[in-house]
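Okay, so here's the structure we're looking at.
Residue numbers start from 1 in every chain, and the chains themselves are labelled A, B, ... in the order their sequence lines are given, proteins ahead of strands. All values derive from a computational prediction rather than experimental measurement.
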Amino acid sequence: MRAFHGIARRLGQRLLASLPALFGVVVFTFLLMRVLPGDPAAFFASGPNAGPEEVEALRREMGLDQPIPVQLLHYLGDVARGNLGRSLSTGQPVVDDLRRRMPASLELTFCALALALSLALPLGILAALRPNSLTDHAVRLLCTLGVCMPTFVSGLLLIYTFYTLLGWAPDPSGRIDVFVSQPPEVTGFLLVDALLAGDAEAWLAAASQLVLPAATMALFVLAPLARMTRASMLAVLTSDFIRTADALGLSRRQVVLVYALRNALLPVITIMGIVFSTMLGANVLVEKVFSWPGVASYALDALLASDYAPVQGFVLLMAMIFVMVNLAIDVLYGVADPRVNVG
Amino acid sequence: MTAPLLSIEDLRVGFSTRHGLVEALRGISLGLHVGETLGIVGESGSGKSVTALAVMRLLDRAGRISAGRISFRGQDITHAPRHVLQPLRGAAMSMIFQNPRAALNPIRTVGLQIADVLRAHEPLSAREARDRAGVLLEAVRIRDPLARLDAYPHELSGGMCQRVMIAMAIACEPALLIADEPTTGLDATTQKTVMDLLSETTARRGMAMVLITHDLGLAAQYCGRIAVMQQGLVVEEAPPHKLFGAPRHAYTRRLVAASPTRQSTIASLLPEASAAPPAAPAVPRGGRLLEVRGLVKRFAGTTAVDDVSFHLDAGESLGLVGESGSGKSTLSRLVCRLLDQTAGSIRFDGTDIGAVPARGFHRNPHRRDIQLVFQDHGGSLNPRFTAFQSIADPLKLLAGLGEGEALQRRVGECAERVGLPAELLGRFPHQLSGGQQARVGIARAIAARPRLLVLDEPTAALDVSVQAVILALLDRLRREEGLSFLFVSHDLNLVRMMCQRIIVLQAGKVVEEGKSDALFAAPRAAYTAELLAAIPHFAPEPSVPGTAG
């Protein structure tokens with residue numbers, strides 16, 4: 001009960017504390033978009049031969065003839081009402097576009113993170129149990145490869161190997177095979193929706209599409225997670241309470257998994273939050289390579305088209321996710337470490 | 001005589017370090033019978049902890065038993081693999097450690113940790129293990145044991161953590177308990193209760209105990225036999241009264257002399273150096289230097305210092321005694337103007353320095369008059385500063401000396417005053433021994449010619465022989481430089497030797513104040529008497545373990 005109160009209070013404080021940062025992000029991206037070269041009115045005028053009057057009219061319609069502070073005020077008012085504007089390239093409200101595409105990005109990121117953790121934790125533990133052994137060096141090599149290879153290279157390599165050469169993976173085009181009927185949309189997460197609909201075929205189709213991009217992302221973030229696990233395990237394994245556990249005859253299994261690992265996970269939890277946020281942003285290349293209909297590729301397309309609203313919406317969304325992830329990590333940390341709520 | 005419970009024969013342990021193999025144990029032999037208590041005494045680096053860890057086979061990766069034999073109940077365990085050792089550890093031989101809070105898993109409740117030990121050796125259900133854990137907590141006299149089962153180590157005091165540790169160690173009724181500095185870092189009264197508990201528990205259950213300590217008095221009080229170790233060798237082994245009555249080895253003699261007793265004086269701690277007696281107090285006493293009135297400091301809800309008043313004359317040495325949490329460190333920080341008081345006044349040499357906010361006090365001309373010597377000498381030196389730079393720092397900041405000959409000369413002078421060889425001035429803290437670090441810290445404190453030195457447990461981290469040297473040095477400095485001391489310590493005995501007057505603090509309040517000798521001979525407050533009784537001491541006559549004190 002006491003712990004719960006502590007967590008709730010901290011959550012409230014953190015949410016309040018994040019409001020100025022979010023406001024800053026909104027203003028900053030707005031200004032940034034305005035100073036970037038490119039004239040959306042000229043870009044979206046009906047054709048290359050549109051006359052200056054037509055562009056001018058369009059500009060007035062978009063409100064771009066107003067002074068920047070006025071534009072900013074309008075924009076802030078809209079954001080406060082939950083209106084992020086309309087995308088000029090898709091013609092849809094940005095909120096709708098993001099809502100439709102967000103599950104794709106989240107599903108990919110979650111799966112990639114789960115995959116990365118399920119690899120990184122055992123590898124990190126193994127490496128820490130036998131430092132400087134062959135296992136340790138092998139893990140180090142794998143991590144180095146994952147980090148030094150850009151995701152579009154490793155993604156392409158994976159596609160080449162598993163799709164082109166071996167033919168194990170389906171073609172890298174979107175979230176689900178076009179010939180498989182999509183499960184009815186409930187959450188937007190195809191794996192979940194397929195499960196809810198009890199559609200095994202759709203689930204398999206979605207999962208097989210997901211494997212390669214998720215593996216690409218996972219490889220990219222394997223290094224920080226595995227290295228952190230290793231370092232933190234190494235430190236914990238030499239601590240006094242591990243020696244106590246050994247001195248009192250606890251089994252190796254219990255010493256490593258219960259005493260060492262649970263303590264070693266604390267810093268890994270922190271890193272996990274950072275990794276997750278990085279992944280959402282860094283998704284863009286993977287989404288491009290695998291034609292994944294996520295928010296990152298959407299924002300990139302909009303940016304290239306000088307389409308302000310989606311980019312601003314995307315940045316705001318990322319900032320909000322960052323805040324939420326940090327909150328979640330905070331809660332998780334509070335649960336994992338009883339010392340946090342004291343004082 | 002039956003076969004010994006534990007026998008160590010010609011044990012050699014080496015550690016591979018960056019500078020090659022270092023021998024930590026150079027052939028030691030010890031034996032221990034069922035129900036016996038053996039004290040292993042020595043200074044840091046003597047190999048006493050390594051001996052314990054070697055017996056438990058808990059040496060870290062770098063350490064290796066290179067020769068010799070350890071047998072437990074006749075079974076050779078010198079090179080036994082983990083599956084042989086694991087059933088022995090905890091069930092037949094247990095160990096408790098220094099720093100009990102770190103020795104417990106910080107994110108597991110103590111009940112579960114005790115249950116883990118029980119279930120590692122006996123087929124118990126979680127429920128049964130929890131019940132047994134509750135009984136054990138009661139056995140180590142933890143109040144409200146059932147509620148404490150769900151406590152985390154950080155919610156318990158250091159003494160309580162050590163009791164939990166003892167409960168874990170005795171959970172499966174082992175025949176041998178090794179206690180490695182079990183009370184270092186605990187208060188004197190806590191030390192006494194923990195040691196009494198240990199000796200009673202082991203006696204009642206017929207367990208043999210090895211007590212490893214740097215404190216001769218403690219070993220003498222609680223052990224039937226004492227082995228003195230120096231540089232990886234056992235130099236002498238005898239019952240306490242023999243060891244203290246007629247020490248044979250020169251090192252034992254030095255150690256015995258350096259260990260403070262109720263009768264010892266600064267000079268008697270260093271019998272060899274007493275040939276050159278310190279100069280008589282040449283500086284004339286005179287005038288109030290410090291006058292503290294009604295000092296109060298509150299931290300979020302708790303009152304650390306509660307209406308404390310005292311005074312200190314020029315050239316005088318005042319002791320501030322109390323256990324952890326008594327507010328003595330807070331009080332010393334207030335006097336040094338590192339903290340702002342909630343209420344009260346601090347007058348230094350007639351000026352109200354209490355009115356100067358702590359934040360701006362570094363610009364006050366009195367900053368150089370009040371200097372500090374810290375407990376953790378290594379930690380209080382900048383690791384990137386050489387000894388010279390550390391000593392020169394206050395001279396540059398407070399005395400306005402620039403780089404140049406004057407600075408060189410003054411640093412050299414200070415180093416000489418504290419007995420720091422000039423060739424060590426270029427070294428970094430990690431290249432200095434504990435005693436040398438202490439000297440640098442003291443030289444730094446006296447560099448700007450302060451009038452008041454606040455010493456916060458200046459010798460708590462030092463070996464007794466080094467402590468004796470540092471105490472003598474401080475005492476001489478005070479007399480020769482006419483310094484005033486505010487000497488903060490939990491050790492009444494040290495304060496008695498170093499100070500003319502003593503203030504005893506409890507829970508932020510002054511419970512007793514008086515002349516050292518009078519206070520020691522006839523304490524008025526019950527708390528002072530309790531503190532006095534808790535000082536471990538050895539009597540020259542034979543003493544019965546567990547009853548003295």
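- Other residues, nucleotides and ligands contribute at most 12 non-hydrogen atoms within 6.0 Å of the CZ atom of F220(A).
- Other residues, nucleotides and ligands contribute at most 12 non-hydrogen atoms within 6.0 Å of the CZ atom of F23(A).
- L141(A) CG: more than 12 foreign heavy atoms inside a 6.0 Å radius.
- When N105(B), N99(B), L53(B) are compared by the number of non-hydrogen pairs under 4.5 Å with chain A, N105(B) comes out ahead.
- The contact between M165(B) and chain A is made entirely by side chain atoms (from C-beta outward), counting heavy-atom distances below 4.5 Å.
- Taking the side chain as every heavy atom from C-beta outward, V258(A) and R108(B) approach each other to under 4.5 Å.
- Contact annotation: the side chain of R61(B) approaches that of P131(A) to within less than 4.5 Å [non-hydrogen atoms, C-beta and beyond].
- Environment of CZ in F189(A): crowded, with over 12 heavy atoms of neighbouring residues, nucleotides or ligands closer than 6.0 Å.
- In terms of non-hydrogen atom pairs under 4.5 Å with chain A, the most contact-rich of M56(B), R119(B), H121(B) is H121(B).
- Note on L88(B), D116(B), L58(B): by heavy-atom pairs under 4.5 Å with chain A, the leading option is D116(B).
- In this structure, the portion of A336(A) lying under 4.5 Å from any heavy atom of chain B is its backbone and not its side chain.
- Heavy atoms closer than 4.5 Å to chain B are found in both the backbone and the side chain of S251(A).
- Within the 4.5 angstrom heavy-atom criterion, atoms from both the backbone and the side chain of M168(B) approach chain A.
- Using a 4.5 Å cut-off between heavy atoms, L85(B) does not touch chain A at all.
- Scanning all heavy atoms of the two residues, the minimum distance from G249(A) to A120(B) falls at O-CB, 3.6 Å.
- T244(A) and A103(B) get closest at one heavy-atom pair: OG1-O, 2.7 Å.
- Considering only heavy-atom pairs separated by less than 4.5 Å from chain A, the leading option among M95(B), Q113(B), R57(B) is Q113(B).
- P106(B) approaches R339(A) most closely through the heavy-atom pair CB-NH1, 3.2 Å.
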Item to check | T238(A) and D60(B): CA distance, side-chain angles, deciding distance, side chain to side chain contact (heavy atoms under 4.5 Å, CB included) verdict | outcome: CA-CA 8 Å; T238(A) 55; D60(B) 62 30; over 6 Å; no

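- Residues L250(A) and Q86(B) share a closest heavy-atom pair of O-CD, 3.6 Å.
- Annotation: maximal heavy-atom pairing with chain A below 4.5 Å, among L104(B), I96(B), T109(B), occurs at L104(B).
- Here the closest non-hydrogen pair linking D246(A) and R82(B) is OD1-NH2, 3.0 Å.
- Among all heavy-atom pairs drawn from A169(B) and L248(A), the shortest one is CA-CD2, 3.9 Å.
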